[in-house]
S.K.: 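Handing you this structure, nothing more for now.
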2 protein chains.
Amino acid sequence: MAKLTQQPLYKQVVREVLARIEAAEWHGDESLPSETDLGRSLGVSQGTVRKALDVLVADGVLYRRQGVGTFVADTSDFLARSCFTPLTGVGGEVPKFELLGCVRINAGEQLAEVLGLRRGAALWQVRKLLRVAGHIVGLEELLLPESSFPDLDMRRIRELKGNVPELCWRDFGVRLKDGEVRYRAVSAAQAEARLLQMEVGDPLLQIVRLSRDFDGKPQIWSVAWLRTEQDAFEPPQSMRGEQE
Amino acid sequence: MAKLTQQPLYKQVVREVLARIEAAEWHGDESLPSETDLGRSLGVSQGTVRKALDVLVADGVLYRRQGVGTFVADTSDFLARSCFTPLTGVGGEVPKFELLGCVRINAGEQLAEVLGLRRGAALWQVRKLLRVAGHIVGLEELLLPESSFPDLDMRRIRELKGNVPELCWRDFGVRLKDGEVRYRAVSAAQAEARLLQMEVGDPLLQIVRLSRDFDGKPQIWSVAWLRTEQDAFEPPQSMRGEQE
DNA sequence: AAGTGGTCTAGACCACCAT
DNA sequence: TGGTGGTCTAGACCACTTT
């Protein structure tokens, strides 16, 4: 492996593996070469490959099965829970989305700043309704720079059933990572109350998220309003190893 | 290092280091021996020590300074933000606590179950008010099993200015880890509204937390109610390495 | 039995920081 | 200059899963 850059070797391996996944060298849920083989083909040791794969496993890009192999995580799993499917019902029901619209707007000052764009830059605004077991539980609004996601439209979103990370990945080659999240309790305004079928003033959990790609560039700003009378929001488990 | 157990060596080292911290072998913010020396004294290699310390750094027990050494994190930092000091103002103001009371109650069925106790077991109920820059922003209620925390009283809590992790550590030898967290938006009831100086029905962010010790045993159940009109709740950063 | 992830070692070199 | 964390290797062995 080239030693041109001054990045640690294992980080170079991380990027190389990401690139090969991106080039569809190994499909979703298909096995990678063994750590030893991969190391040999890259000219690094097994330990270095392992350290690189550790990073990608921690980020949910890969998963391992002891004695079997290392696999590319299906993108529909990747970040699905932590990034755009935040609601976990008590029974663990899977949320479903209903696409409300996709329009082109211009970035205000604040929004331009957090997304690293100039003021007035073109943005896509996507709105979805979240249902769990048929009941409306939330509303989600996404803002994506047009520069990263040219020619976005409802048809393309609909084809993927509102799975935005999958869309970003398949159509635009943007692999999303976790970003910053903020929580807030707010009162439902008229607009939210109507869409969520609740009274004006009822409490809503507001989740604001900034998602970045693997280069650290902000790519998606999202705001969700969730009804939590019945289901609490359970953030994704941290990915540390077990102690026992 | 003994090979008696079938635990991986590095996990044994984790426990050994934790035990030595517990025995106050190295005080807060004092340097540990170098990875090489520690390895020699334990009869393991530097790489194994490193892997063990990685775990403890990820859990916030230790921190490293390149070229300088590895240090025991001051307990007042450890989990302070992620576990009991959840509120981060926009300006990053440090929250202050006002102890409201500490009483002995008996566990109801649900509470007994989550804490792994028998029904009716004795619990301490501690209530605190949170202020940021003088303004009341939250209310926190902690429930701790008396079996783990004998002879808890307000004086002891007060001495540590409401820093419960520090108290658990210094007085009871219970080192806390992160546990599960759930978020919910609720309307302020009369009791909360009075204490938090807001109107009944105003939205509150409710954060429910179960903290465990390093053996995985549930130790503290906590519920916080936060006003988020001005300050959003910002959860602790995940502890993964940077990509760049 | 063969192949994989998971762990461990002994030794090496580098980057960083204190002195 | 010397000590520390940070990285890397070549080779080894174990635990696990599949065949």
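Every chain is numbered from 1 and lettered A, B, ... according to where its sequence line falls, protein lines coming before strand lines. Heavy-atom basis, side chains included; hydrogens, waters and symmetry copies ignored.
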S.K.: In whole angstrom, give the distance that lies between atom NZ of B:Lys51 and atom C1' of C:dA10.
M.R.: 17 Å

S.K.: Below 4.5 Å, heavy atoms only, C-beta onward: do B:Leu38 and B:Glu35 meet side chain to side chain?
M.R.: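 Answer no - side chains too far apart.
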
S.K.: So, B:Lys51 and B:Asp54, do they make that salt bridge, N to O below 4.0 Å?
M.R.: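 Here B:Lys51 does not pair with B:Asp54 in a salt bridge, since their nearest N and O are not under 4.0 Å apart.
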
S.K.: It should be established whether A:Arg64 places a side-chain nitrogen or oxygen under 4.0 Å from OP1 or OP2 of nucleotide C:dG6.
M.R.: yes

S.K.: Pick the closest DNA chain D nucleotide for A:Tyr10 and for A:Arg65 by heavy atoms, then say which residue is nearer the 5' end.
M.R.: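 With A:Tyr10 and A:Arg65 compared, the 5'-side residue is A:Tyr10.
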
S.K.: Please classify the nucleic acid contact of B:Arg50 as base, sugar-phosphate, or nothing, using heavy-atom distances under 4.0 Å.
M.R.: base

S.K.: 5'-most contact on DNA chain D: B:Asp37 or A:Gln46, nearest heavy atom basis?
M.R.: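 So the residue in question is B:Asp37.
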
S.K.: In whole angstroms, how far is the P atom of D:dG11 from the CZ atom of A:Arg40?
M.R.: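 Distance check: A:Arg40 CZ to D:dG11 P gives 11 Å.
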
S.K.: Round to the nearest Å and state the distance from B:Leu62 atom CG to D:dG5 atom P.
M.R.: 11 Å

S.K.: So which heavy atom on A:Tyr63 is nearest to which on A:Val72, and how close?
M.R.: CE2-O, 3.8 Å

S.K.: At under 4.0 Å, does any side-chain N or O of B:Thr70 touch on OP1 or OP2 of D:dT4?
M.R.: no

S.K.: Want to settle it: does B:Val68 or A:Leu53 sit nearer the 5' end of DNA chain C, counting the closest nucleotide to each?
M.R.: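 Between the two, 5'-proximity favours A:Leu53.
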
S.K.: Rounding to a whole Å, what distance do you find between B:Leu32:CG and D:dT4:P?
M.R.: 12 Å

S.K.: Whole-Å distance between D:dG6 P and B:Tyr63 OH?
M.R.: 13 Å

S.K.: So if I take every side-chain heavy atom of B:Glu35 and compare against D:dT7, D:dG5, C:dG5, which nucleotide ends up nearest?
M.R.: D:dG5

S.K.: Does a nitrogen or oxygen in the side chain of B:Thr48 sit under 4.0 Å from OP1 or OP2 of C:dT7?
M.R.: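 No, B:Thr48 has no side-chain N/O under 4.0 Å of OP1/OP2 on C:dT7.
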
S.K.: Identify the heavy atoms of A:Ala121 and A:Leu117 that sit nearest to each other, and give their distance.
M.R.: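 Closest approach of A:Ala121 to A:Leu117, heavy atoms only: CB-CB, 3.9 Å.
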
S.K.: For the pair made of CD in B:Gln66 and P in C:dC13, what is the distance, rounded to whole Å?
M.R.: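 Rounded to the whole Å, the gap is 19 Å.
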
